[in-house]
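What follows is a single structure, written as structure tokens, with notes after it.
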Amino acid sequence: MSNIVYTTDASFDADVLKAELPVLVDFWAEWCGPCRMIGPILEDLAKEYAGRVKIVKVNVDDSSVSAATYGVRGIPTLLLFKNGELYETNEAAFTTGKLAAFIESL
């Protein structure tokens, strides 16, 4: 069972902005090679940070409103939210160490 939440424009507010935990949002698409490369890393980090950080994926092909709202122009784009506010943005594929450091910046 995955610890990652898949959200849409309709549930973005509840899944991200009203979340009790800090949230890492991955804007991705199925056709995106770099997005597929970081998928397993996110799965591992979702397990490692379970109960401390919520990891949410937003498919930009299905949820373009959320992507546009946060100025997502390329994917993968990773956003960190804390207390419903955008904390930090990063637009790059990461190694496990760099992605963990990005999460730890909270």
Side-chain angles (χ1 to χ4, degrees):
M1 184 173 144
S2 176
N3 290 319
I4 293 180
V5 175
Y6 290 81
T7 195
T8 64
D9 288 336
S11 58
F12 188 89
D13 188 57
D15 288 334
V16 177
L17 302 181
K18 294 182 179 172
E20 293 181 15
L21 297 173
V23 182
L24 171 67
V25 179
D26 173 27
F27 286 92
W28 71 289
E30 290 183 27
W31 48 263
C32 169
C35 298
R36 289 193 310 269
M37 287 174 35
I38 67 168
I41 296 170
L42 291 174
E43 284 285 346
D44 290 343
L45 292 173
K47 291 174 190 165
E48 181 179 338
Y49 286 93
R52 296 185 291 154
V53 175
K54 183 177 181 180
I55 297 182
V56 175
K57 294 179 74 83
V58 178
N59 185 321
V60 296
D61 291 333
D62 301 331
S63 299
S64 59
V65 173
S66 296
T69 298
Y70 292 99
V72 174
R73 295 187 180 141
I75 54 174
T77 293
L78 302 172
L79 306 180
L80 283 174
F81 287 83
K82 187 174 183 180
N83 299 321
E85 299 291 324
L86 180 60
Y87 179 78
E88 193 169 347
T89 302
N90 206 319
E91 298 177 1
F94 296 99
T95 63
T96 301
K98 287 182 180 179
L99 192 48
F102 183 60
I103 292 171
E104 291 291 334
S105 73
L106 285 168

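The structure presented is a predicted model; accordingly, all values stated were derived computationally and were not measured.
- Atom CZ in Arg36 sits 9.0 Å away from atom CD in Glu30 (nearest 0.5 Å).
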Report task. Check the pair Asp26 / Ile38 against side-chain contact (heavy atoms from CB on, under 4.5 Å), numbers first and verdict last. Result -> CA-CA 10 Å; Asp26 173 27; Ile38 67 168; 4.1 Å; yes
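- Taking CD1 of Ile103 as the start and CG of Leu80 as the end, the distance is 7.0 Å to the nearest 0.5 Å.
- Atom SG in Cys35 sits 7.0 Å away from atom NZ in Lys57 (nearest 0.5 Å).
- The number of heavy atoms from other shown groups lying within 6.0 Å of CZ (Arg52) is above 12.
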Give the table of side-chain donor-acceptor pairs shorter than 3.5 Å for residues 59-68, with sequence neighbours excluded, one pair per line with atom names and distance.
from: Asn59; atom 1: OD1; to: Asp61; atom 2: N; distance (Å): 2.8
from: Asp61; atom 1: OD2; to: Trp31; atom 2: NE1; distance (Å): 2.7
from: Ser63; atom 1: OG; to: Asp9; atom 2: N; distance (Å): 3.2
from: Ser66; atom 1: OG; to: Asp9; atom 2: OD1; distance (Å): 2.7

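- The CG atom of Leu78 sits 13.0 Å away from the CH2 atom of Trp28 when rounded to the nearest 0.5 Å.
- Between Tyr70 and Leu86, the shortest heavy-atom contact is CD2-CD2, 4.4 Å.
- Under the 4.5 Å side-chain heavy-atom criterion for Ile, Leu, Val, Met, Phe, Trp and Tyr, Val5 and Ile41 are members of distinct hydrophobic clusters.
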Requested in this report: Determine, step by step, whether Thr8 and Val58 satisfy the side-chain contact (heavy atoms from CB on, under 4.5 Å) criterion, reporting the C-alpha distance in whole Å, the side-chain angles of both residues, the deciding distance to 0.1 Å, and the verdict.
Outcome: CA-CA 6 Å; Thr8 64; Val58 178; over 6 Å; no
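- Note that CG of Asn90 and CD of Glu88 are 6.5 Å apart. Values are rounded to the nearest 0.5 Å.
- Val56 and Tyr87 sit in two unconnected hydrophobic clusters of ILVMFWY residues. Membership requires side-chain heavy atoms under 4.5 Å apart, directly or through other members.
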Run the side-chain donor-acceptor check on residues 12-23: report pairs under 3.5 Å with partners two or more places apart or on a different chain.
from: Asp13; atom 1: OD2; to: Lys18; atom 2: NZ; distance (Å): 3.2
from: Asp15; atom 1: OD2; to: Thr7; atom 2: OG1; distance (Å): 2.6
from: Asp15; atom 1: OD2; to: Ser11; atom 2: OG; distance (Å): 3.2

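- Linking Ile, Leu, Val, Met, Phe, Trp and Tyr whenever their side-chain heavy atoms come within less than 4.5 Å puts Tyr6 and Leu24 in one cluster.
- Taking both residues in full, the closest heavy atoms of Pro76 and Pro34 are given as CD-CB, 3.7 Å, listed atom of the first, atom of the second, then distance.
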Requested in this report: Just do the side-chain contact (heavy atoms from CB on, under 4.5 Å) check on Ile4 and Glu43 with the steps written out, would you?
Outcome: CA-CA 7 Å; Ile4 293 180; Glu43 284 285 346; 3.7 Å; yes
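- Taking the side chain as every heavy atom from C-beta outward, Ile55 and Leu45 approach each other to under 4.5 Å.
- Evaluation of the side chain to side chain donor-acceptor pair (under 3.5 Å) rule for Thr89 yields no partner, not counting sequence neighbours.
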